[in-house]
Amino acid sequence: MPRLSEVIAALDALWPAELAESWDAVGTVCGDPDAEVSRVLFAVDPVQDIVDEAVKLGAQLLVTHHPLYLRGTTTVSAGTFKGRVVHDLIKNDVALHVAHTNADRADPGVSDALAGALDLRIVRPLVPDPADAHGRRGLGRICELEHPLTLRELAARAAERLPATAQGIRVAGDPEQIVRTLAVSGGSGDSLFDDVRASGVDAFLTADLRHHPVSEARAQTPLALLDAAHWATEWPWCELAAAQLDQISDRHGWGLRVHVSKTVTDPWTAHAASTTDTTGAPN
Ligand SMILES: [Zn+2]
């Protein structure tokens with residue numbers, strides 16, 4: 001059985017910490033480097049439901065995409081919800097390790113997993129990492145569809161292939177527009193609009209898109225936009241990451257049991273379709 005330090009070293013090789021943004025907080029949040037690991041759980045969010053799941057599963061390591069503390073803290077009191085997470089993890093001998101923007105930039109990374117879930121052919125990173133001579137690391141991915149789809153069909157594919165959420169997929173653009181090329185970025189992608197426009201793709205699929213950036217992008221180009229729930233765009237990475245760790249475990253004869261949480265931690269829980277027409281008048 002491997003020690004936590006050995007498993008973490010393998011994860012750090014997949015998603016080197018130096019690939020992370022300077023504002024990010026990646027790496028091991030809690031855990032004893034000498035503790036033995038036999039079971040690992042991957043999830044997007046280090047929230048209480050996921051910690052409870054890890055404890056119930058008997059995992060010694062929880063790997064999440066999102067950091068627990070992004071901006072630092074002066075307390076881990078169990079009276080705070082994040083402090084409660086820390087207490088429950090330590091009391092139950094569960095380590096927490098975070099791979100965030102380092103996993104976004106890695107090859108393969110979060111957007112590769114998103115593209116894979118939609119059966120897209122990856123062309124190159126949307127924002128390449130200048131340090132990568134192979135041209136495969138970076139933020140977002142430019143992709144091609146094997147067979148062109150209408151925007152409506154592409155949205156239907158995303159709704160079908162990504163895990164179900166209350167939001168589903170929001171679309172900006174003509175539903176009959178033909179899409180041959182698109183950019184994808186797991187998580188909040190509106191900071192990438194300039195790069196998406198410069199790439200000349202037909203569509204951009206990401207999450208957390210806001211009124212003004214979308215409105216401005218639509219006014220300047222025929223770029224179609226697809227907005228999925230943040231959690232849903234990053235969840236495919238958990239499956240990719242788990243498969244990568246499984247392979248490493250096989251290679252080393254570690255015998256790890258690697259799990260992916262299916263708990264939906266998207267904070268939005270319901271959706272009501274509008275009952276007024278586009279003029280705002282009730283139907
Ligand atoms: Zn995210």
Side-chain angles (χ1 to χ4, degrees), residues 11 14-17 19-29 41-51 53-54 62-72 81-82 85 96-118 120 125-127 129 137-141 143 158 161-170 182-193 195-196 204-210 213-214 225-242 244 260-269:
L11 300 183
L14 294 176
W15 315 300
L19 293 181
E21 302 280 352
S22 56
W23 49 260
D24 206 357
V26 303
T28 305
V29 177
L41 178 65
F42 281 86
V44 173
D45 294 299
V47 294
Q48 189 66 46
D49 281 352
I50 299 296
V51 173
E53 187 178 342
L62 169 62
V63 182
T64 65
H65 182 50
H66 288 148
L68 179 64
Y69 290 103
L70 188 58
R71 294 187 180 84
F81 79 92
K82 291 188 180 185
V85 161
L96 173 63
H97 186 80
V98 171
H100 190 212
T101 52
N102 46 332
D104 287 333
R105 277 229 172 77
D107 168 40
V110 174
S111 294
D112 292 297
L114 174 57
L118 300 177
L120 306 175
L126 172 62
V127 185
D129 175 3
R137 282 198 322 232
L139 291 177
R141 295 294 183 266
C143 305
R161 304 285 182 84
L162 297 180
T165 58
Q167 174 183 322
I169 309 292
R170 294 190 300 176
L182 71 157
V184 301
S185 180
S188 307
D190 61 15
S191 65
L192 299 171
F193 264 126
D195 300 286
V196 173
F204 181 32
L205 185 149
T206 186
D208 294 339
L209 290 180
R210 292 172 301 143
V214 170
L225 297 160
L226 299 101
D227 182 276
H230 187 129
W231 170 83
T233 62
E234 296 179 330
W235 185 84
W237 172 78
C238 294
E239 287 208 314
L240 170 68
Q244 288 178 284
V260 175
S261 173
K262 295 203 160 50
T263 305
V264 179
T265 55
D266 177 31
W268 302 105
T269 54

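First listed ligand is number 1; within each ligand, the first listed atom is number 1. When reading the values below, keep in mind they use all heavy atoms of this one structure, side chains included, and skip hydrogens, waters and symmetry mates.
Between A25 and P67, the shortest heavy-atom distance links the atoms O-CB, 3.5 Å.
Backbone or side-chain N, O or S atoms of H65 do not reach the Zn ion (ligand 1) at under 2.8 Å. For the Zn ion (ligand 1), the set of nearby N, O or S atoms under 2.8 Å includes none belonging to H100.
Rounded to 10°, the angle formed at the Zn ion (ligand 1) by E234 OE1 and H230 NE2 is 90°.
In this structure, K82 contributes its side chain and Y69 its backbone to no donor-acceptor pair below 3.5 Å. Judged by distance alone, the side chain of D190 and the main-chain N or O of P213 form no donor-acceptor pair under 3.5 Å.
Judged purely by distance below 3.5 Å, without hydrogens or angles, the side chains of D24 and T101 pair a donor atom with an acceptor atom.
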